[in-house]
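Notes to accompany the following structure.
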Amino acid sequence: MSDLLIRGRVLTFVREPEGIDDTASYRFFEDGAVLVSSGKIAAVGPYGDVAKQADGGVQIADHRPHLVLPGLIDTHLHFPQTQAIASYGAQLLEWLNTYIFVEEQKFRAPEHAAFIAGRFTDELLSNGTTTAVAYCSVHPESVDAFFTAAEERNMLMIGGKVMMDRNAPDALRDTPERGYDETKQLIAKWHRRGRAHYAVSPRFAITSTPEQMEMSRALVAEHPDCYVQTHLSENKDEIAFATSLYPEAKDYTDIYGRYGLLGRKTLLGHCIHLSDREISVLAETGAVGVFCPTSNLFLGSGLFDRDRFDKLGARHSVATDVGAGTSFSMLETMGEAYKVLHLQGQRLSPLNSFYMMTLGNARALDLEDRIGSLHAGADADIVILDSRAKPAMELRMQVASSLAEELFVLQTMGDDRSVTEVYVAGKPIKSGRVEVRRDVPRALETA
C-alpha cells in the first residue's frame, strides 16, 4: 500500500492547555502535513519538511484550508439506544423504564443488532469520532454485532455486554453466573482482537445484586487489562435507590469501591452529585468521571462540577452519552459543555475543548501512545474539519482573527457538516478514496 501525505492546517496537542493563550500546549502548522505509512503516522510537521520524507509514489490528499486533527474520542455512550435518541419527557429512571428497556429487548435478534451497529459506527464516523467507549445490551449477540461493525471499519473501539440481574424486565436480566460466563467468553473472543478492547460493564448498582457485583469483581481481577464502565450519581432518585440497596456502603461511590471496581481503567458515567469524599476516592484510585453534558441537560440530571474534580485531583473525560445525549457530535457536545460550566462560573476555553476531545480523552483511556494526537508511531486516525461549513459559520469566520476563535466557532456552531473527511488507520472513510498524484517529493516542496 502506498504512503499517504495529508496536507492541511495541522493541529495536535501535547499537554493540557492552561488557558486560551497557552500556545505551548499544542503544535500548529499553517501549511502542515501528516505522512501515513501502513496505517501509522510516520511524520508530522511543516509540509515542505514532511514531503521530503515521502517516497515518489506517495498519494496526496490536499485538504487546505481545512484543519487536520486527531480523530475525536467519545468515552461513554450506548449503541442499543441509537433509535431511542430524542425520547420525550422523562428523567432517568422513568426514561429507562419507558423507552430504553423496551428498545434494548430488540437486541436479542442478531439481524437487528447488526443493522443498528452498522448505523451506529457510521454515525460516529460521520461526526469525526474514530474511537468510542460503548455499552452494548445484555445480549451477547449485541456485543458480537458491535465489535464486528468496528472491525469491518478497523476502528479502535471499547465496549461490553451490560450485566443486569434485577430491577429490569425479565427479557433483559441475566444471572450472576450467566453474566460472568458470557462476559468471560466475550473477553476471550474480542479483547485485543485487532483494535478491539473489552469493558466489563455492570450497568449500575441498581440493576446488579451483590452476587453479580462479586462476579464483576472476579472478572476485573482475572482481566486487569480490560476496562470497567458503569454509572455513578447521575440523578438524585437514582442515588437514593442505589444506596438503599447497599445500606452498608458509605455512599454511592463506596458501593463500587467495596467490590474492587475502581481503578485507572474505570469509567464512571456522569458523577454529578458527588461529595468531596467521593471525588477524593476517584482521585486516589485513578477512576475517571465522565462528563456527559447533553445527556445531563436532556434528562434534567444536573451540572457536572469540573473545577471541583480538578481541585481534588480527580481525572475526568467528556462524552456524548447517546441516546440520552442528543447528538453524536463531539463538537456539539463541547458546545453544551461550555454552557454547563459557564452556568457554574467555570470557563472552558476552545483550546481545552479540543484537547479534551482528542488527547485528553485518550489520556483518560491510557491510550495516548496510540490515539488522540498526531505523532510518529500513532495510529493514523485523523479528522478534517471545515470551520466554514455552514453559511453562518462562513460569515462568522470572516472576522475571526485567531486559531482559538476558529476552534470556538467549530465548538459552538459546528456539527457533522463540518467534518469533510475521516481517516481510520490511514484509510479515508467519507470519500472512500484519496486524490492520487505521483509527484516526486522534490516537486512537492514548492507546490
Indicate every side-chain donor-acceptor pair of residues 296-303 with a distance under 3.5 Å to a residue at least two apart or in another chain.
from   : atom 1 : to     : atom 2 : distance (Å)
Asn296 : ND2    : His270 : ND1    : 3.0
Asn296 : ND2    : Cys292 : O      : 3.4

Practice prompt. Determine, step by step, whether Arg388 and Asp386 satisfy the salt bridge (Lys or Arg N to Asp or Glu O under 4.0 Å) criterion, reporting the C-alpha distance in whole Å, the side-chain angles of both residues, the deciding distance to 0.1 Å, and the verdict.
Written response: CA-CA 5 Å; Arg388 295 171 172 82; Asp386 178 6; 5.7 Å; no
Item to complete: Decide salt bridge (Lys or Arg N to Asp or Glu O under 4.0 Å) for Lys430 and Asp416; before the verdict, give the C-alpha distance in whole Å, the side-chain angles of both, and the deciding distance to 0.1 Å.
Response: CA-CA 11 Å; Lys430 294 196 80 169; Asp416 58 327; over 6 Å; no
Fill in: Derivation and outcome, salt bridge (Lys or Arg N to Asp or Glu O under 4.0 Å), residues Arg370 and Asp381
CA-CA 9 Å; Arg370 295 189 59 188; Asp381 294 342; over 6 Å; no
Would you tell me whether [X] and [Y] have side-chain atoms, one donor and one acceptor, within less than 3.5 Å of each other?
X      : Y      : answer
Asp321 : Gln81  : no
Tyr256 : Thr230 : yes
His197 : Asp225 : no
Thr320 : Asp74  : yes

Worksheet item: Is Arg315 salt-bridged to Asp366, cutoff N-O under 4.0 Å?
Response: yes
Worksheet entry | Electrostatic pair Glu405:Arg396 at N-O distance under 4.0 angstrom | yes
Discussion item. Between Arg9 and Asp31, does the salt bridge (Lys or Arg N to Asp or Glu O under 4.0 Å) criterion hold? Intermediate values first, please.
Written reply: CA-CA 5 Å; Arg9 300 166 59 237; Asp31 186 8; over 6 Å; no
Worksheet entry | Trace of the side-chain contact (heavy atoms from CB on, under 4.5 Å) decision for Asp254 with Arg277 | CA-CA 10 Å; Asp254 191 46; Arg277 192 207 82 84; 3.8 Å; yes
Worksheet item: Taking everything shown except Arg308 itself, do over 12 heavy atoms lie less than 6.0 Å from its CZ?
Response: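 Buried by this count: over 12 neighbours within 6.0 Å.
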Discussion item. Looking at Lys40, I want to see if its NZ is surrounded by more than 12 non-hydrogen atoms of other residues, nucleotides or ligands under 6.0 Å.
Written reply: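 Correct, the count exceeds 12.
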Worksheet item: Parallel, tilted or perpendicular: which fits the ring planes of Tyr135 and His78, with parallel below 30° and perpendicular above 60°?
Response: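 Ring orientation of Tyr135 relative to His78: parallel.
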Worksheet item: Would you call the rings of Tyr26 and Phe28 parallel, tilted or perpendicular if under 30° counts as parallel and over 60° as perpendicular?
Response: perpendicular
Worksheet item: Do the ring centers of Phe291 and Phe309 come within less than 6.0 Å of each other?
Response: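 No, the ring of Phe291 stays outside the 6.0 Å limit from the ring of Phe309, centre to centre.
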